[in-house]
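For reference, the structure discussed in these notes is given below.
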Amino acid sequence: MRINGEIHIREVRVTSATGEQLGIMPTREAMRLAEEQHLDLVEVAPKARPPVCRIMDFGKYRYEQQKREKEARKKQKVITIKEVKLRPNIEQHDYEVKLKHAMRFLGEGNKVKVTIMFRGRELSHPELGQEILDRVAEDLKDSIIVDRKPKLEGRNMIMIVAPKAASKNGGQKKARQAKGDA
């Protein structure tokens with residue numbers, strides 16, 4: 001945004017600090033009006049013909065804009081992808097530990113990339129990896145949505161799952177309903 005002396009156009013359309021249309025006038029006169037009110041002349045629509053300028057306190061405007069941007073950043077939720085790596089011939093206990101890790105990641109609101117790593121001749125039996133990924137999806141079916149179906153990529157088979165949006169509130173809602181029924 002150009003302000004005050006940076007505006008090099010002969011005529012501009014001017015609006016006051018309250019939003020009132022003051023009309024088209026020479027830039028020098030618009031700057032004089034702004035100066036009389038101890039405010040700045042700010043070009044808000046440079047592409048318009050003639051460009052639109054507003055008389056305002058630029059410092060206050062910039063501060064409020066930064067404040068709005070900061071609030072918007074606070075409300076953003078950053079979703080990261082966590083990874084759980086498994087092998088095609090994983091033991092039951094190891095599988096359960098990895099499943100708990102995946103559930104914890106999902107509980108934190110993160111997506112989970114479940115990877116089956118094949119070594120050597122294991123790659124000749126991709127159906128074993130497919131079975132494990134299907135088992136993971138089945139064990140977590142109440143709390144996940146499969147974002148990406150299992151797919152073989154090189155020596156790894158990958159599936160991406162995301163937490164259900166309603167899973168956090170769903171349990172609380174059911175608990176409240178149960179209390180109401182009793």
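Quick caveat: nothing in here was measured; it's all calculated off a predicted structure.
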Please answer: with hydrophobic residues joined when any side-chain heavy atoms are less than 4.5 Å apart, are Leu133 and Leu152 in the same cluster? yes
Identify whether Ile145 and Val136 are in the same connected component of the hydrophobic contact network (ILVMFWY, side-chain heavy atoms under 4.5 Å). no
Using every non-hydrogen atom in the two residues, find where Lys164 and Ile144 come nearest and quote the distance to one decimal. CE-O, 3.3 Å
Taking a hydrophobic cluster as the set of Ile, Leu, Val, Met, Phe, Trp and Tyr residues connected by side-chain heavy atoms closer than 4.5 Å, whether directly or through intermediates, do Val84 and Phe118 fall within one such cluster? yes
Could you work out the complete set of other residues in the hydrophobic cluster of Leu39, with links drawn between I, L, V, M, F, W and Y side chains under 4.5 Å apart? Ile7, Ile9, Val12, Val14, Leu22, Met25, Met31, Leu33, Leu41, Ile55
So does Glu6 have more than 12 non-hydrogen atoms from other groups sitting under 6.0 Å from CD? yes
Gly129 and Met157 have their tightest heavy-atom pair at C-SD, 3.8 Å
Kindly indicate, with the supporting measurements, whether the criterion side chain to side chain contact (heavy atoms under 4.5 Å, CB included) is fulfilled by Arg32 and Glu36. CA-CA 6 Å; Arg32 186 184 52 74; Glu36 285 174 2; 2.6 Å; yes
Judged by atom type as modelled, is there a donor-acceptor pair below 3.5 Å linking the side chain of Ser16 to the main-chain atoms of Glu20? yes
Could you give the distance from CZ (Arg119) to CZ (Arg155), rounded to the nearest 0.5 Å? 10.5 Å
Side chains of Asn110 and Ile81 in contact at under 4.5 Å (non-hydrogen atoms): no
Tell me which donor-acceptor pairs under 3.5 Å the side chains of residues 64-75 have, and how far apart each pair is, sequence neighbours excluded?
none

Asp94 and Glu91, any side-chain heavy atoms less than 4.5 Å apart: yes
Audit row: Val112, Ile160, side chain to side chain contact (heavy atoms under 4.5 Å, CB included) steps and yes/no: CA-CA 6 Å; Val112 177; Ile160 297 177; over 6 Å; no
Strictly below 4.0 Å, N to O, side chains only: are Glu96 and Lys100 in salt-bridge contact? no
Report yes or no: do Phe105 and Val146 belong to one cluster of Ile/Leu/Val/Met/Phe/Trp/Tyr joined by side chain heavy-atom distances under 4.5 Å? yes
Could you state the interatomic distance from CG (Asn4) to CD (Glu43), rounded to the nearest 0.5 Å? 11.5 Å
Cationic N near anionic O, under 4.0 Å, Arg87 to Glu122: yes
Taking all atoms of both residues into account, what is the closest heavy-atom pair of Pro88 and Leu128, and its distance? CB-CB, 4.2 Å
Between Thr27 and Glu11, the two heavy atoms sitting closest are OG1-N, 3.9 Å
Ile158 CD1 to Ile116 CD1 distance, which is reported to the nearest 0.5 Å: 10.5 Å
Drop me the distance from Asp40's CG to Cys53's SG, to the nearest 0.5 angstrom. 11.5 Å
How far does CG of Leu99 sit from CZ of Arg104, to the nearest 0.5 angstrom? 12.5 Å
Met159 with Met103, same ILVMFWY side-chain cluster at under 4.5 Å: yes
Answer whether the closest heavy-atom distance between the side chains of Asp147 and Val161 falls below 4.5 Å. no
Residues Val52 and Ala48: closest non-hydrogen pair is CG2-CB, 4.1 Å
Run the salt bridge (Lys or Arg N to Asp or Glu O under 4.0 Å) check on Glu83 and Lys98 step by step: do they pass? CA-CA 10 Å; Glu83 186 172 18; Lys98 297 289 186 172; over 6 Å; no
To the nearest 0.5 Å, what is the distance between CD (Glu29) and CD1 (Ile24)? 12.5 Å
